[in-house]
Protein chains: 2
Amino acid sequence: MNCHTNDFGKEHKKEMRAVQDSMDVLSGKWKIPILSSMCYYNQRRFSDILNDIDGISNRMLSKELKELEINQLVKRKVLDTHPVTVQYQLTEHGKSLKTIINNLTDWGIAHRKVIIGK
Amino acid sequence: MNCHTNDFGKEHKKEMRAVQDSMDVLSGKWKIPILSSMCYYNQRRFSDILNDIDGISNRMLSKELKELEINQLVKRKVLDTHPVTVQYQLTEHGKSLKTIINNLTDWGIAHRKVIIGK
DNA sequence: CAGGATCCTATACGATACTG
DNA sequence: CAGTATCGTATAGGATCCTG
């Protein structure tokens with residue numbers, strides 16, 4: 001029995017599927033930054049998120065928020081004002097990404113030092 | 001001084017840039033799975049990684065590995081065999097992503113439970 | 001075995017304008 | 001304010017075949 005057929009290899013396959021499952025939901029340029037914006041404040045309006053994220057268009061923000069809602073990472077709350085206000089916030093499931101997002105923030109700072117220079 | 005001009009807001013902007021820096025390097029469907037494959041074993045050949053990741057093509061694997069090498073996350077080592085063998089491994093900088101990848105693995109399992117059913 | 005070359009499609013993404 | 005509609009480009013990614 002070699003390393004591809006034993007339990008070690010099977011565990012590996014399982015972990016590979018899990019990490020791919022995560023990426024199905026989180027990959028792309030904007031989802032993590034959007035979630036990060038909502039991590040920091042726990043209520044955030046559409047236009048605030050639009051302002052938080054450098055370079056995103058309203059079209060993409062709208063589209064990505066919809067997908068995040070479908071995947072139960074954020075919830076949308078419409079306030080009865082004029083004109084309407086919409087608040088977005090992380091669900092409990094969304095909050096379970098906080099550690100990962102904080103680590104990605106720290107890693108981004110470290111990475112810049114490694115690449116751009118010491 | 002409102003929340004957009006004080007230190008709290010400035011810190012937020014800084015964190016937003018950091019997380020976007022991370023995503024510039026890591027976003028896309030394949031990079032995290034590729035790194036995950038190399039996390040588990042610490043030496044991994046091209047064809048092994050190809051086998052680890054469900055659905056990836058050799059063209060994409062080749063392309064993504066190059067970008068990861070440019071960003072100093074992996075290193076490439078050619079062994080003098082016939083035909084050639086190529087070993088990939090994480091750099092020290094690449095290893096600094098291990099925590100994030102492990103968390104993403106756990107999160108993928110949890111997410112499947114949330115979405116598909118309890 | 002480890003890719004590169006070629007060709008193709010899908011979709012991610014951007015810009016701008018419009019609306020209740 | 002919080003989107004939608006429309007249009008366009010760029011790139012991500014897939015399939016297949018080829019090579020030292």
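For the numbers below, each heavy atom of this structure counts, side chains included, while hydrogens, waters and symmetry mates do not.
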Could you give the CG-to-P distance, from A/Leu79 to D/dC1, as a whole number of Å?
14 Å

Taking the nucleotide of DNA chain C with the closest heavy atom to each, which residue, A/Val84 or A/Glu67, is nearer the 5' end?
A/Glu67

For D/dG3 and A/Tyr88 - does any side-chain N or O of the residue sit under 4.0 Å from the phosphate oxygens OP1/OP2?
yes

For A/Met60 and for B/Gln87, locate the closest nucleotide of DNA chain C by heavy-atom distance; then report the residue assigned to the nucleotide nearer the 5' terminus.
B/Gln87

Does B/Asn71 reach the side chain of A/His111, with side-chain heavy atoms less than 4.5 Å apart?
yes

Taking the inter-plane angle between the rings of B/Tyr41 and A/His12 on a 0 to 90° scale, is it parallel (under 30°), tilted (30 to 60°) or perpendicular (over 60°)?
perpendicular

When you measure from the side chain of A/Ser22 to the backbone of B/Gly108, do you find a donor-acceptor pair of N or O atoms at a distance under 3.5 Å?
yes

Non-hydrogen side-chain atoms of B/Trp30 and A/Gln20 separated by less than 4.5 Å:
yes

Counterpart residues, side chain to side chain donor-acceptor pair (under 3.5 Å), relative to A/Glu69 (two or more places apart):
none

Bend angle of the helix from C/dC1-D/dG20 to C/dG20-D/dC1 from five-pair axes at both ends, rounded to 10°?
60°

Any base atoms under 4.0 Å from B/Lys31, or only sugar-phosphate, or nothing? Heavy atoms, all strands.
nothing

Separation of D/dA2 P from A/His82 NE2 (nearest whole Å)
14 Å

d(CG, A/Leu61; P, D/dA2) in whole Å
10 Å

Atom CG of A/Leu65 to atom P of D/dC1: distance rounded to whole Å?
16 Å

Which of these nucleotides, D/dC7, D/dG3, D/dG13, is closest to any side-chain atom of B/Arg59?
D/dG13

Whole-Å distance separating the CG atom of B/Asn58 from the P atom of D/dG14
11 Å

Is A/Ser37 reaching over with its side chain to a backbone N or O of A/Ile49, donor-acceptor style, under 3.5 angstrom?
no

Starting at CG of B/Asp24 and ending at P of D/dA12, how long is that distance when rounded to a whole Å?
12 Å

Do B/Leu26 and B/Leu97 have side-chain heavy atoms sitting under 4.5 Å apart?
yes

Is the backbone N or O of B/Ile32 less than 3.5 Å from a side-chain atom of B/Ser36, with the two atoms forming a donor-acceptor pair by type?
no

Provide the start and end nucleotides, 5' to 3', of the part of DNA chain C that has atoms under 4.0 Å from heavy atoms of chain B.
C/dC1 to C/dT6

For a 4.5 angstrom cut-off between non-hydrogen side-chain atoms, does A/Glu15 reach A/Val19?
no

Report yes if a side-chain nitrogen or oxygen of A/Ser62 is closer than 4.0 Å to either non-bridging phosphate oxygen (OP1 or OP2) of D/dT4; otherwise report no.
yes

When rounded to whole Å, the CD to P distance for the pair A/Glu64 and D/dT4 reads 13 Å

